[in-house]
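Below: the structure, in structure tokens.
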Amino acid sequence: MGSDSGRKRKVRGRKIRSDRSVKERRKAEKQRRRAAKENGNSGSATSTTDASTDALHSPQSAAPEPFVSTDAVEALTTRIGRWLEADQPVHVVGPTGCGKTALALEAAAERGRPVVWIDGDQAVDTGTLVGEHAGGESYVEDDQYVSGVHKRTEVVRERWVDNPLSVAAREGATLVYNEFSRSDPLAHNVLLSVFEEGVLERPEKRGDDRKIDVHPEFRAILTSNTAEYAGVHEPQDALLDRMVGVHVDYYDAETEREIVAAHVDLPDDQIEQVVDATRALREELDVVVGTRVAITAAKGLAVFGSGNDDAIDDEVLVTVFTDVLAPKFAGREDGSDVATLEGRVADVI
Ligand SMILES: Nc1ncnc2c1ncn2[C@@H]1O[C@H](COP(=O)(O)OP(=O)(O)OP(=O)(O)O)[C@@H](O)[C@H]1O
């Protein structure tokens, strides 16, 4: 892989020394990941016993693994981080599989504050975001007035559990709300006063703590694909008006090669073949061919491939990319596209 020593690039906190062999670096990265898994700090939430703060994750466990940071990536994480510093909610928008989530989690982790994660979904409503009553807790009060005379009163106390948005607002966490446009926009009305006045309404909650002041360290990063995809809602203008937007697209070839190499242990030349094929198919096919496609294809080639450093045969590349891309065509009305996909992939590779 042509190394341009002028370019800064590092994988999760470690500079890639231009004089270190790529294999050696990857082996070190693999050992580090295995050690991290063994000592159990892989993604465990720093949760307390209270169910509602299970949503809190330490910055270390929220940080994406592996994470490649080339100039292009660092420019984006820095830009998102600066908007968070300016206390602006950030909307990271771009095509499927280009790296939005990884960027959002990295920018959130770099703040050093706890991270709270929400996945957008049609089923998400206000309660899912802010919290709900989790049934009553009953206990008996036993008053003994005179010996032998007891007055027993059963008291039922409503138990409220804060959901992710309330936990993040209360604890000053960085909220990462992934694919938020998949949720019904009505659920997002509570975000308007959070972003604007710094107040969180919990409509279902009774009592004087129905409204809570948002912690001064609370921040939010929302990600979404461009709106033309199925299953997403056009976000309400009032919400978009309260955010800044960072548009991300597919990275440069060198960054994509570094990203694929961080996920899959293949010889450099084969990584280059995979990324070149991905980028050519991205140009030619009428579906989204993201970085995730390159990673999946590389994982396939680690099994289907030659197993040595030889270049991968075009036929093997065509078969692997046809299988990786087929699901994107299978959903089409006539379904004929899947039958012709192999030919079209072969024309490009
Ligand atoms: N800087 C990076 N370092 C390492 N891996 C990365 C990086 N950026 C993206 N990836 C990997 O590329 C793949 C796609 O990235 P990601 O899931 O962040 O994309 P996305 O745009 O959020 O996708 P979607 O639109 O499906 O949510 C993932 O496997 C992710 O781990």
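The chain is numbered in sequence order, starting from 1. Note that ligands are numbered from 1 as they come in the structure, with each ligand's atoms numbered from 1 the same way. Note that the structure is a prediction, hence the values are computed from the model and not measured.
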Counting only nitrogen or oxygen atoms and a 3.5 angstrom limit, does [X] reach ligand 1?
{"X": "Thr96", "result": "no"}
{"X": "Phe67", "result": "no"}
{"X": "Tyr251", "result": "no"}
{"X": "Val73", "result": "no"}
{"X": "Gly97", "result": "yes"}
{"X": "Thr291", "result": "no"}
{"X": "Ile259", "result": "no"}

Would you say that more than 12 heavy atoms from the other residues, nucleotides or ligands in this model lie under 6.0 Å from the CH2 of Trp83, or not?
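No, because the 6.0 Å sphere around CH2 of Trp83 holds 12 heavy atoms or fewer from other groups.
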With a sphere of 6.0 Å drawn around CZ of Arg82, does it hold more than 12 non-hydrogen atoms of other residues, nucleotides or ligands?
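Atom CZ in Arg82 is not packed in, count stays at 12 or less.
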With heavy-atom distances below 4.0 Å as the criterion, list the atoms of ligand 1 near [X].
{"X": "Ile295", "answer": "11 (C), 12 (O), 13 (C), 29 (O)"}
{"X": "Glu179", "answer": "24 (P), 25 (O), 27 (O)"}
{"X": "Arg292", "answer": "14 (C), 16 (P), 17 (O), 19 (O), 23 (O), 24 (P), 26 (O)"}
{"X": "Ala102", "answer": "7 (C), 8 (N), 9 (C), 18 (O)"}
{"X": "His263", "answer": "4 (C), 5 (N), 6 (C), 11 (C), 31 (O)"}

Atom 19 (O) of ligand 1: which protein heavy atom is closest, and how many Å away?
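Residue, atom and distance for the closest contact: Gly99 N, 3.0 Å.
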Is there a donor in the side chain of [X] and an acceptor in the side chain of [Y], or the other way round, less than 3.5 Å apart?
{"X": "Asn189", "Y": "Gln236", "value": "yes"}
{"X": "Lys100", "Y": "Asn178", "value": "no"}
{"X": "Asn163", "Y": "Ser166", "value": "no"}

Does ligand 1 have a heavy atom under 4.0 Å from the side chain of Asn225, from its backbone, from both, or from neither?
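It is the side chain that gets close, since no backbone atom is under 4.0 Å.
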With a 4.0 Å cut-off on heavy atoms, is [X] touching ligand 1?
{"X": "Gly94", "answer": "no"}
{"X": "Pro66", "answer": "yes"}
{"X": "Pro95", "answer": "yes"}

So how far is it from [X] [atom1] to [Y] [atom2], rounded to the nearest 0.5 Å?
{"X": "Leu317", "Y": "Gln270", "atom1": "CG", "atom2": "CD", "value": "9.0 Å"}
{"X": "Glu342", "Y": "Asp347", "atom1": "CD", "atom2": "CG", "value": "11.0 Å"}
{"X": "Leu103", "Y": "Thr223", "atom1": "CG", "atom2": "OG1", "value": "10.0 Å"}

Does anything in residues 188-207 form a ring-ring contact (aromatic ring centres under 6.0 Å, His included)? List the pairs, not counting sequence neighbours.
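For residues 188-207, and leaving out neighbouring residues, the ring-ring contact (aromatic ring centres under 6.0 Å, His included) pairs sorted by first residue read Tyr177-His188, Phe180-His188.
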With Arg279, which of Glu272, Glu256, Glu284 fulfils salt bridge (charged side-chain N to carboxylate O under 4.0 Å, His left out)?
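When Glu272, Glu256, Glu284 are each tested with Arg279, the salt bridge (charged side-chain N to carboxylate O under 4.0 Å, His left out) holds only for Glu256.
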Identify the two heavy atoms, one from Lys299 and one from Val264, that lie closest to each other, and give their separation to 0.1 Å.
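Nearest pair, atom of Lys299 first, then Val264: CG-CG2, 3.6 Å.
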